[in-house]
Amino acid sequence: QYKYIYFTLSSMLEQQYMLADFDILVMDEKNGKAANEGKYSIEEEQRLTEYLLSNESEKALLFLNQILTRTFQANLSKVELSSFRILMLNSIQRLLYIINKTPEDLFPEKDMLKKLESCEDNETFRISIIWVFRQIAHAIQQNVIQRHTEIVDEILKYIQENLDKDLSMDDICNKFGMSASTVARRLKERNINFKSYINDQRIKKAKELMHAHPDWMVKDIAQMTGFNNIVSFNRLFKKYEAISPGQYMENLKLKPKGS
């Protein structure tokens with residue numbers, strides 16, 4: 001979701017850099033040619049953003065620190081430093097837009113971004129900007145966790161509503177547009193095994209049907225809970241309940257009504 005929004009804005013971002021001409025160039029004293037030590041390019045912003053949106057916060061913060069160290073060691077003029085700060089703040093604004101947050105959502109201090117722009121020294125700016133990016137990374141991580149939870153809930157709901165079908169991992173992958181490894185990983189985060197969960201839910205559903213309709217045929221209940229044949233249903237049911245489904249239903253019939 002975040003990456004889609006980011007790449008949609010990417011061409012706009014490139015045009016902004018081209019028009020603003022904000023790249024910071026440092027002249028090499030020996031040959032008079034422009035060097036890259038003080039340049040914060042669109043490619044670097046894209047890389048920094050991709051790390052964050054991929055939930056790779058440590059890579060993002062390490063890369064950010066490299067950019068800051070290189071820039072502050074480049075002996076830039078006040079104008080160049082000011083331009084660099086504006087670029088960094090623009091990056092923050094774009095990230096906030098992508099994750100649908102405002103500065104007030106993430107930063108307790110009022111007018112945090114304005115204060116960043118007017119920092120008196122580089123070290124204060126470095127500490128503050130890293131803190132800001134950490135807050136953004138944390139917000140992205142929380143959103144990712146929430147989305148993972150929502151996806152797993154959707155998968156479990158789909159399974160529960162389709163127990164009568166021959167559910168497979170491929171069905172889930174096609175339904176939710178995810179790879180098998182991703183589905184398994186998301187479920188594992190909730191300590192859920194795909195096959196075991198389906199079996200659990202099928203036996204649970206079968207027992208509910210048996211209690212509601214003790215006169216039904218075992219083979220009909222097996223079909224309604226997604227079993228292709230009565231043998232596999234009998235085997236799995238006995239594994240869970242220690243008796244066959246037929247015996248289970250006979251026991252239900254012997255119980256007084258309402259017990």
Side-chain angles (χ1 to χ4, degrees), residues 1-8 49-60 98-100 136-252:
Q1 178 186 2
Y2 291 151
K3 286 185 177 181
Y4 173 79
I5 298 172
Y6 173 70
F7 287 116
T8 301
T49 302
E50 287 171 17
Y51 280 148
L52 287 166
L53 300 186
S54 299
N55 203 25
E56 297 181 287
S57 57
E58 292 307 313
K59 285 185 178 180
I98 290 169
I99 65 175
N100 195 27
I136 293 174
H138 179 71
I140 291 172
Q141 184 181 43
Q142 292 304 113
N143 285 350
V144 168
I145 292 172
Q146 180 180 348
R147 181 55 187 152
H148 287 179
T149 299
E150 291 171 353
I151 288 173
V152 172
D153 288 342
E154 291 170 13
I155 291 172
L156 299 184
K157 182 180 178 183
Y158 179 79
I159 290 172
Q160 291 165 2
E161 292 176 348
N162 293 275
L163 290 172
D164 59 322
K165 297 180 175 62
D166 185 19
L167 292 169
S168 68
M169 179 63 83
D170 286 342
D171 295 328
I172 301 299
C173 293
N174 292 333
K175 172 69 178 177
F176 294 94
M178 302 165 66
S179 67
S181 60
T182 301
V183 172
R185 187 164 59 251
R186 295 288 86 82
L187 292 174
K188 188 176 180 180
E189 291 170 358
R190 299 266 287 270
N191 296 317
I192 294 172
N193 176 274
F194 178 72
K195 186 175 180 180
S196 296
Y197 182 80
I198 291 178
N199 288 339
D200 292 344
Q201 295 303 306
R202 281 179 168 159
I203 297 302
K204 179 181 176 182
K205 181 66 175 179
K207 288 170 63 179
E208 290 174 356
L209 292 172
M210 290 175 180
H211 280 267
H213 308 281
D215 56 330
W216 282 10
M217 300 290 289
V218 170
K219 65 176 183 179
D220 294 331
I221 292 176
Q223 289 178 349
M224 294 177 69
T225 50
F227 291 92
N228 294 325
N229 60 77
I230 191 68
V231 175
S232 59
F233 177 57
N234 286 339
R235 183 170 57 249
L236 187 64
F237 192 94
K238 193 169 184 178
K239 179 181 177 181
Y240 275 75
E241 300 298 324
I243 60 173
S244 70
Q247 290 173 317
Y248 189 91
M249 294 188 75
E250 286 297 323
N251 291 344
L252 289 177

Roughly how far, to the nearest 0.5 Å, is [atom2] of [Y] from [atom1] of [X]?
{"X": "Lys195", "Y": "Met169", "atom1": "NZ", "atom2": "CE", "result": "11.5 Å"}
{"X": "Ile151", "Y": "Met178", "atom1": "CD1", "atom2": "CE", "result": "5.0 Å"}
{"X": "Leu252", "Y": "Asp215", "atom1": "CG", "atom2": "CG", "result": "11.0 Å"}
{"X": "His148", "Y": "Arg186", "atom1": "NE2", "atom2": "CZ", "result": "3.5 Å"}
{"X": "Ile198", "Y": "Ile192", "atom1": "CD1", "atom2": "CD1", "result": "11.5 Å"}
{"X": "Arg185", "Y": "Glu189", "atom1": "CZ", "atom2": "CD", "result": "7.5 Å"}

Only pairs at least two apart or in different chains count here, so list each side chain to side chain donor-acceptor pair (under 3.5 Å) that has a residue in [range].
{"range": "residues 200-213", "value": "Asp200-Tyr240, Lys207-Glu241, His211-Tyr248"}
{"range": "residues 169-180", "value": "Ser168-Asp171, Ser179-Ser181, Ser179-Thr182"}
{"range": "residues 216-230", "value": "Asn229-Ser232"}

task: Quick one: list whatever passes side-chain hydrogen bond (donor to acceptor under 3.5 Å, both in side chains) with Glu250, sequence neighbours left out.
output: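 Residues passing side-chain hydrogen bond (donor to acceptor under 3.5 Å, both in side chains) with Glu250: none at all.
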field: Under the side-chain hydrogen bond (donor to acceptor under 3.5 Å, both in side chains) test, residues paired with Gln142 that sit two or more places apart
entry: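 None.
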message: Under the salt bridge (charged side-chain N to carboxylate O under 4.0 Å, His left out) definition, can you give me all pairs with a residue in residues 148-160, not counting sequence neighbours?
response: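 For residues 148-160: Arg147-Glu150, Arg147-Glu154, Asp153-Arg190.
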- prompt: Does Asn193 reach the main-chain N or O of Ser196 with its side chain, forming a donor-acceptor pair under 3.5 Å?
  reply: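 Yes.
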message: If you apply the rule side-chain contact (heavy atoms from CB on, under 4.5 Å), what do you find for Leu187 with Tyr197, and how did you get there?
response: CA-CA 10 Å; Leu187 292 174; Tyr197 182 80; over 6 Å; no
- prompt: For Leu52 and Ile140, which heavy atoms make the closest approach, and how far apart are they?
  reply: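 Result for this residue pair: O-CG2, 3.4 Å.
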Please examine the side chains of [Y] and [X], heavy atoms only from C-beta on, and report whether any two atoms are closer than 4.5 Å.
{"X": "Phe176", "Y": "Val183", "result": "no"}
{"X": "Val218", "Y": "Phe237", "result": "no"}
{"X": "Phe194", "Y": "Ile155", "result": "no"}
{"X": "Leu209", "Y": "Met224", "result": "yes"}
{"X": "Asn251", "Y": "Ile243", "result": "yes"}

